[in-house]
Amino acid sequence: MSDLSNPNPVIYSVEDDGNLFNQQERFTEDEDTVDDFDVYEIFDLVRDITDPEHPLSLEQLNVVRHENIKIEKDNNFIRLYFTPTVPHCSMANIIGLSIKEKLARSLPQRFKVDVKVTPGSHSSESSGMSNNKVDTFFILIIIHSFIHCKFIVNKQLGDKERVSAALDSNSPILSVVNECIKI
Amino acid sequence: MTTSKTIDTYVNIQLPETERSDALNVILMGMYRVRQKKRGDMMMMMMIYLCINDSFIYMQYLDVNSKRLELHQFVKMLGDYLQNRDNLLRSRGTLLLTEVLCRLPNLQLNEQQLSFFGEFYIDRLKDYACSSEVVKGIYALVAHHKLEYPYNQKMLRTLFSEVHPSSLPQTHRKMVLQIIDILFARHLAEIQAMGNDFMVGYLQFIDGEKDPRNLMFSFNLLPTVVRCIPQYASFADSLFEILSCYYPISFNPKQSDPNAITRVDLTSSLLKCFASTPLFAEHSVPFLLEKISANVVDTKIESMQTLVTCSLAYGAKAMAPLLEDVWGTLSNQILTHKNSQVIEESKKTIFQITRQLSTLPADKPILESFLNLINKECIHHIKTSQDSKLAVSCASILVQTISASVVSSRIVLSYILPHLLEFYNQLVLEIEQDPVHKSNEQISIVGLLNDLLKANILSFQTFYKNHQDEENPILSFSNRLYDLFLGLLSNQSILVRSLSLECLSNLYISIRSHKETDSGSSKNDEELILEKDKRQTIIKSFISLLNDFDDSLRTKSLDCLMTIAKNEQIEILNEYAIPTLLQMINTNNINNNNGDSSSSSTTLKETKNYLNAFTSLCTIKPLLASVMPHIQSLLLNNIKSKYISNESLESIFMKSIDESVIQNNYDHLLFGLISQLFIMILDNNSNSLYNSKLLPISIIIIHSIIQNINQSNQKQIIEKIIDIYINNNINLLNGLQHISSWEPFISSTQQQQLLIPIFSIILSQAKFDITNATDLISVEKVQQIQQSLFEKVIKSDISIASISCAQCLSAIVNKSTGNSNNNLIEKILPIINDNSNNTNKKEKLNALNLLVWITKAYLINGNSQSIQLGRVLSDMVSSPDQDISNRAAQSFDILLNEVELSETKQPSTTSNSNESIIISTITNLPILSSKSGAVIKVLHQQKFFTLMFPILLEAFKQSKLSQYLVAITNLLRNVSKEVLLSELGEVLPIVLQSLQQQQQQADQSQNQSQLLGSSLETLLMLVKDVPNSISPYLGSLIPSLITISTTGQLLTLRQSSLEVLTYLSKSLPYQKLYPYKQSVINGIKPALDDKKRLVRREATTCRNCWYILS
Amino acid sequence: MDRIKEISIIRDGLPSKVWYLAWNPQGTLLASCGDDKSIQIWKQVDVVNDVDDQQQQQWVMAAKLDVHEKTVRRIAWSPDGKLIAAASFDASTSIWELSDDMNDNENNNNDSLEFNHISTLEGHQYEVKSVAWDHTGTLLATCSRDKSIWIWQMDEEKEFECLSISHGHGQDIKCVLWHPTEEILASASYDDTIKMWQDTDGDWESINTLVGHESTVWDISFNRAGDRLVSCSDDKSVILWALVKGDHSDPSQSSSSSSSSYQWKQSQIFESSHSRTIYSVDWSKDQYERIVSTGSDDSIVLYEKEVESNNNNNNNNNNNPDTTTKYKKSYQKLNAHNSDVNCIRWCPTRAGIMASCGDDSTIRIWKII
């Protein structure tokens, strides 16, 4: 599978069409063929998660894209990059947790799943690039806060102890997350 | 008794109410007499006399010629009361006078009497003791007796100066308002003369009113005041201050009174006040904005609506200075508020205001300044926002302003578009440095552009059709946009591509201007914004995208193509879209025929896509006619190439069924198709038919054609087909003359038998009773036909031939009125029951099948024989012969299933061999549907069930044969929910038992998994419909479901068991479920790793549902 | 060839995530804990199999201690094996006592044990992540996400009193561990560092900070002598640290004054020893002094002393002669569990025996062969 050829995700690399083409055949109905796990299946699992503070789904908000999911079937390894809409840690955290939890509930145990914030994320720096209407100091803060935040979020999502503490029984966060990933 | 006495009686409040009222009446009577005498109309007098004196206790005093009472006398006598020092007596006196004036509206007062009373009351106004009586009096004067100049003004002044509203009871306060109202109507000049003084008094009077009735009145009065008294201007602020404290109206009337004033009434009239003058603008708008910023949602929304109405009334000039704040507040709501209702309302408000501002050309500058505010802020956010949501909301605002009106959209677009395009180009430059979020931005920009386009179309083409000679605002940008989007079609991100697709189609259907706005859906060339060549390019690129690897894109491009097609005139499509499509399809066919198998899968796929597109294009009526020939050629090509995609062709017929087109072209199509089939099959020595899915689909097509043409046409066809099949007249079909030995019903060659279904299908669809259509077919012929069909059913070794003939007979029997069919049964039964080995198994089964179909025929047309036959079948279930018993068990599904009444099912792709596909196709055809003229009595099937169910149930309990269970579930599968519920007590244990059974049996035989499958189906139905009836069984149910979901042999079993679990979690209360939560969550883990994606999907859903239980 | 053999496995009765396990000092009992909020005590029933003189071990649940409202993260046996302390995400630490009568006839065939819940230590703001007894069994240390370390003292009546609350780590503290012989506490944190703490006139203060890991330090373990320390981290590396003593001081009679002269130096590092986060590491106290580490890549890695001879050649800038013994990564057991392995511990009494537990809701007993 072409994913193996580039394990670390190059975002928007146009993938081998032929391969993708078959992906459109979403399932087979005979008894014997084995449907392999693929990017789209993972994407299907997370696309409908809703943003905690909006009725919009992560797909609509463009927070998750199938281009940003990598799967290594043979190593049972999945990596998903998401792009928070706001450079705001707590939100990014919730979204990340939701994604992680949804996958944990939906995928076989053999898979190792990494959920990370996209390297260089949505909009934040754009204010810098876009013309000099916003005063640069402001921009610097944002960029800083964002990069800082990305670091924090990734480390926290990586820390399974914290994750499971956050989602431990009757924790408030758990109910938020459940809300987000409700089908 | 004397009048003075009577007066005393009235005035004296010690006396009982009745006496006093009588006294009053006496006086009034007196007055009447006066007038009646003058008129000399005794009759009248008597009547009034009676009605007034009704309940009179002392008629006796009223001797017939009792004193006439002249007004002046009366007043004189009343005099000392009117002067009396005692407040009470004085007020009573005044009241008496007032009563007289009120109760005798027709009392004719002469000049000086009027002025006297006027003076009197005006003077009396100073007398607080009897102010309310006075007010009433004045009201009487004004209302009934036309108080004259200058008294009105004088009276009003004194009233205002002397009487304080708080000192008056509600009714009297209202009277004052009524007085003012009347004066406005009659003596406007006098009041206007008062100017400011009036305003002052008026204000003081309406201030602080609480009573809803009075409020209503004064609210309604206010606009008049504003209209008539120019001086109000200087009081606008205080006037509004008074009004504003009522806003928003919080008042709920008591339910008791149906015609009581409602909150709505008050609100609406208060709204009128708000809107009554532009001068309020400077006060009301800020006030409303404040309310909008308040945090009660309802208030917000109400205020916004008020704002809209007001600004409409105030007009642009008045609004101009306030617009900035308006925008500020609204934008704040839209961008920051969470409640979607509020956001929507704010957008609406912006939309409305923009619209209002655009109505007058004169206001354009104001509109412009308003829109520029919006434009600047939005574009700023869009370019710089941290938050994609922010950008999105801004976009939606712009959409509002654009769709508001043509003018506005021109202004907005001419500002926004250049910025966006420039910004976009900038992005493209930066995109290398930072692919991730730049392309995100890119996407949102394109999305935005698309929204703008849509909005513009909305305003320009939908709302304001009658804007003559207006140019489309988008016009000047069309080329730049066109180039941009076209370029983006090759962008790497799927999202971008599908967006630009949409943009293009929107651009495409944008029209240039509204010259001679014709009503037609299709536009002439010069009307559309894009030149023809551009349009063609677009169509071309869409068509090529029809085959994109991403199916979301494919559907998108198809949709766009459709939108265009609806707007474009047919010529262009015919001349362009259709040919290209056909070309694509055919080329692929060619490739496919001689193409290597590896590529074929893709080409198949491609062609499928094109065909789908083609199909849906055909659904556009005007197009269909012109396309029909193409369809034919396609059809034939495909048959030649044995090409599977006929499905979609078939669906063309499905969709175009009610089109007259079919009626006119059927002959050509049908026999064209048939002869092609003949040629293929007869010329073709191998049994290659089984290797192509062609036959079933052709059959479906034939079926749908024949089913959808009228009787007379049918008769022709049937005549012809009989000629071909029964008289072996093959050369009626072109190009088959060379075929020798054509005798389908005699010959046993595979090829000829394979063609039999065509005959039987056509015959079965006859909308009339064949056995009784002597004009068409002679009785002997009928006999012959039936006989040969019967022969085929029994003898044929080709299942489809046998089955289709059985169906055909069934159809004939069902429609035939005569009872000439019993012998059929008599012929069948012996064959089945014959246990000597001289009839082979195949024949038995065929016979059984025929039996089933005949039963069905009766079952549907309500013939009582169906019951007996049902019994026969149920006995056969217990037959020692496995095949017979299985088949009999299955038969109950065929008997009751509804396919007959429903549309055709596509042959299910699950079935493995081509043969079984053909069979399933044929069995799934609606043979006995109303459309095929079958005689249907629905209730009878109900009866059949209620009779059969207990029999089978009993049989099962006796024999414990799993076949009976299959039979039962097949039965249940097809009954209504109500029936099911009534039988629940019986059904449920059975279902559970069958689940248990399979658990014990490690090996799931074919039959077992059938049994299990149908039980699960039933179970699912139960869980959906009557979950609570399940809950007692959860303990045993859940474990077995878990086992099935992880170990079941067929994916359908695993899938549906999971589905049941999911529904359980949704339909039962938590306290019932929680004991099983963990075991389910852990139990179905293996299913998450199932090799079939379908199962995994179901497992995921299920597991997530159970997780969030609480 | 296989160096590690699975000799027994516990499946039933475990939480779906087993976070931690601990041998009692006698090596006869295992305590485990996890996300089912309870503590399970397991007792070994040995069945000698004559075919090969392997011991077929079987483990039965001897008790289930249930008091916490959330996941129990870590547990610790007191040195005498009579007390258990359990740290939980519900921000409390519970203390349990093995009731004596059961303790006496432990060897009779009655497999169930009785524990009494004697007290609950509260005070931490957030989840308690780790708990540890000192070698005397009188001091107890707990640490939490609230970045603080609490030192508790137990008196004869087994009443607990908080001696000090120390801050110093910038983040979540993952685990605390006492020096095997001295009143020195080690702690590892989400801030990527390890700190050493010592009582300086009543207050426990950080005397050393060991910097070297590039991400969260998950677990640490002292060697038998207590002059070396091993740590594992989210950065996928295992680091060996060595104690460099100042001249005049002698750790055996440790005094607060001399504390400053302690220096811990990084003596050896195994870069990317696992392919994912390493959650647990343990240094055996038997004569072999083996080290074992495990983590999120489901594998177990064994480290053993290199042969004396070749430790002169690669004797790089390590300025301490006492602790030069180099270790080598001698064996990796892949797919030891079906999911993350959260903890691995040597049996204190039987050399070469260890137990591991993980997210596949099993405990597995391993033997080195």
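Just so it is clear, the structure is predicted and the values come from calculations on it, not from any experiment. Residue numbers begin at 1 in each chain, while the letters A, B, ... track the order of the sequences.
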Check: S396(B)/D451(B) side-chain N/O donor and acceptor closer than 3.5 Å: no

OH of Y1063(B): more than 12 outside heavy atoms within 6.0 angstrom? no

Scan side-chain atoms only and decide if R110(A) and N76(A) contain a donor-acceptor pair under the 3.5 Å cut-off. yes

R1096(B) NZ/CZ over F37(A) ring centroid, <6.0 Å and within 45° of normal: yes

Heavy-atom proximity to chain B below 4.5 Å, by part of L174(A): neither

Is S175(A) in contact with chain B via its backbone, its side chain, both, or neither, using a 4.5 Å heavy-atom distance? neither

Okay, K1085(B) and chain A: the region with an atom under 4.5 Å from a heavy atom over there is side chain

Q109(A), part contacting chain B, at a heavy-atom distance under 4.5 Å: side chain

